[in-house]
Peer 1: 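What follows is a single structure, and I will ask about it in a moment.
First the proteins, then the strands, lettered A, B, ... as listed; each starts at 1. No hydrogens, no waters, no symmetry mates; every other heavy atom, side chains included, goes into these values.
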2 protein chains.
Amino acid sequence: MSSTMEPLKARRLYLLLREQILRGEVAVDARLPSEPALAQEHSVSRVTVRRALDKLASDGMIERRPGSGTFVSAGKTSMPVVADLSNVLTHLVEMGRKTGVRLISFAYVNATPAMAEELRLDPGERLQRSVRVRLIDGQPFSYLVTHVPERIGMSYSEADLASTPLLELLERSGLVAERATQVVGATLAGPEAADALDLDIGAALLTMTRVVFESSGRGIEHLQALYRPDRYSFHMDLERTGSDGARRWTPADAVRASEQINDTKKNNRTKRPTPQRRTKP
Amino acid sequence: MSSTMEPLKARRLYLLLREQILRGEVAVDARLPSEPALAQEHSVSRVTVRRALDKLASDGMIERRPGSGTFVSAGKTSMPVVADLSNVLTHLVEMGRKTGVRLISFAYVNATPAMAEELRLDPGERLQRSVRVRLIDGQPFSYLVTHVPERIGMSYSEADLASTPLLELLERSGLVAERATQVVGATLAGPEAADALDLDIGAALLTMTRVVFESSGRGIEHLQALYRPDRYSFHMDLERTGSDGARRWTPADAVRASEQINDTKKNNRTKRPTPQRRTKP
DNA sequence: TTTAGTTGTCTTATAAAGAATACAGATTTG
DNA sequence: CAAATCTGTATTCTTTATAAGACAACTAAA
């Protein structure tokens with residue numbers, strides 16, 4: 001499965017150092033080993049060490065002080081925007097952040113066999129395919145490829161897509177979403193996604209595939225989402241519920257959800273049911 | 001953020017083709033463009049195309065038939081083991097699969113500032129650090145780095161770790177886990193993880209960071225998990241609950257959980273509440 | 001001030017990746 | 001069978017990555 005086609009040594013070292021910094025194995029503001037030391041430690045030349053450090057510096061993870069050393073930067077080591085498992089961005093309003101959507105492409109295509117099966121449709125059925133990029137504070141954080149059956153897609157315009165969440169559009173047109181499955185994984189950035197998300201090809205991406213079904217069991221939306229993990233991640237709070245042998249973990253979101261059903265108006269944004277990671281002041 | 005230190009051209013092409021195949025843009029059993037055609041299409045030499053295809057072939061994604069062409073393989077395009085959002089592996093028993101654990105390292109270390117903060121402990125406190133690899137059918141699928149406060153870690157042995165889930169060990173020693181937070185993201189494989197998971201350095205990994213708290217609010221476990229996305233992914237079923245303006249998505253697991261609280265004995269393994277992706281017969 | 005250690009920059013040499021081309025053997029099609 | 005097309009393999013050349021070393025400029029500490 002593995003071996004052959006080695007990534008460049010500089011890339012390897014870059015990934016290694018990056019990992020150590022992100023995991024906190026090297027403290028913030030601490031000095032890294034000197035370039036000659038790193039070169040000897042990893043059995044590479046100083047040029048290679050230098051390339052790795054260049055990359056880290058351009059990522060804003062380290063700061064180089066000539067004559068003194070290179071140090072781990074405080075700022076950039078942390079904290080993407082988080083979403084709960086229902087894919088709802090949290091703490092956005094209160095942080096005064098603004099999101100936007102860019103429509104990359106929009107077309108009608110024939111369903112591939114795989115796509116038809118996932119949506120439980122007839123193979124070859126026409127689908128509306130749209131590619132969008134979501135932005136936060138002007139910076140892209142997600143790359144979304146959506147497939148919707150043609151007849152359903154007709155109920156809204158191309159312009160609607162660039163301004164309104166797709167699920168809202170679907171429900172507005174009378175459809176009733178009943179169930180959805182989501183699968184979360186990881187993949188490497190290909191050329192298109194890398195370009196749209198302002199990343200290097202081969203960067204790590206968080207993926208989510210969601211299929212939404214109406215009550216009849218037919219799929220009404222297929223979403224393939226790619227997220228920049230440094231700007232977006234999934235967050236879930238779990239509570240230990242039940243007693244004795246039947247104790248198990250329950251997502252706290254579910255609790256909050258049932259609380260909110262009889263509470264349409266006041267949205268409790270002061271809740272903090274579980275400790276959050278925070279950056280130091 | 002991007003540019004400089006280009007990955008190799010062969011790697012780029014590999015990722016591009018891989019992406020197209022995984023997304024179903026190229027049908028299963030279909031023939032890929034010929035090597036000269038791919039070379040011209042992407043403005044690279046045939047040697048480079050060849051390297052990319054070699055990698056795809058070793059991944060089992062394509063099959064090369066001399067004189068005929070290269071074709072997309074049916075088998076390997078799909079389906080890792082799935083876990084629900086409580087991190088419980090599903091469909092394992094019924095599939096007759098066996099899991100195992102390999103203990104990689106075991107030591108006591110000083111808490112880094114970042115780790116201490118996440119666990120809400122005093123900085124510098126002693127922690128038990130263990131690194132484990134979980135296997136399914138003899139193949140590694142997750143790389144787990146766990147930190148537990150020293151006094152708690154004393155309650156079980158090194159051998160226990162290799163055989164029993166950590167959370168069970170903790171509760172067995174009288175601790176009461178009350179809350180947990182989980183953050184799911186993605187990262188690139190570093191040298192250690194790549195080696196343990198039998199992957200190339202720079203491969204995409206699914207990450208989960210979990211912190212478990214007891215009722216006093218102090219952390220009792222910090223877990224950093226790295227998963228091979230081709231062998232493991234998170235799955236969640238959502239249901240549209242509530243009415244009118246208060247409709248929202250609720251994880252179906254929560255429903256199942258509350259059903260099971262009064263149902264200790266019979267574990268309903270026949271449930272299939274939501275359509276699953278499946279491979280063709 | 002001196003000294004040791006650091007990053008920044010350059011040179012030269014070797015190793016590896018990629019480009020361009022040619023040709024043998026297998027497969028399909030006319 | 002013959003022609004066209006494909007993969008497998010080899011050769012040669014160019015470009016890029018890496019190695020090894022030298023030296024200047026800067027910093028901090030003795």
Peer 1: Taking side chain to side chain contact (heavy atoms under 4.5 Å, CB included) as the test, write out the residues that go with A:L103, two or more places apart.
Peer 2: A:F106, A:S130, A:R132, A:E158, A:L161, A:A162

Peer 1: Determine whether the aromatic ring centres of B:Y232 and B:F234 lie less than 6.0 Å apart.
Peer 2: yes

Peer 1: Which comes earlier along DNA chain C counting from the 5' end, the contact point of A:R65 or that of A:V47, where each point is its nearest nucleotide?
Peer 2: A:R65

Peer 1: A:R31 side chain N/O closer than 4.0 Å to the phosphate oxygens (OP1, OP2) of C:dT6?
Peer 2: yes

Peer 1: Can you see if the side chain of A:S68 gets near the phosphate of D:dT27 - specifically, an N or O under 4.0 Å from OP1 or OP2?
Peer 2: no

Peer 1: Rounding to an integer number of Å, can you tell me how far B:E35 CD sits from D:dG8 C1'?
Peer 2: 8 Å

Peer 1: Rounding to a whole Å, what distance do you find between B:F71:CZ and D:dT5:C1'?
Peer 2: 12 Å

Peer 1: Does A:K9 make a side-chain N or O approach to OP1 or OP2 of D:dA19 shorter than 4.0 Å?
Peer 2: yes

Peer 1: Rounded to the Å, how far apart are A:Y14 OH and D:dA17 P?
Peer 2: 17 Å

Peer 1: B:T48 side chain N/O closer than 4.0 Å to the phosphate oxygens (OP1, OP2) of C:dA19?
Peer 2: yes

Peer 1: Rounded off to whole Å, could you give me the CD-to-P distance for the A:E41 and D:dA19 pair?
Peer 2: 15 Å

Peer 1: 5'-most contact on DNA chain C: A:G67 or A:R50, nearest heavy atom basis?
Peer 2: A:G67

Peer 1: By salt bridge (Lys or Arg N to Asp or Glu O under 4.0 Å), which residues pair with B:E150, not counting sequence neighbours?
Peer 2: none

Peer 1: May I have the distance from A:R46 (atom CZ) to C:dT6 (atom P), rounded to whole angstrom?
Peer 2: 10 Å

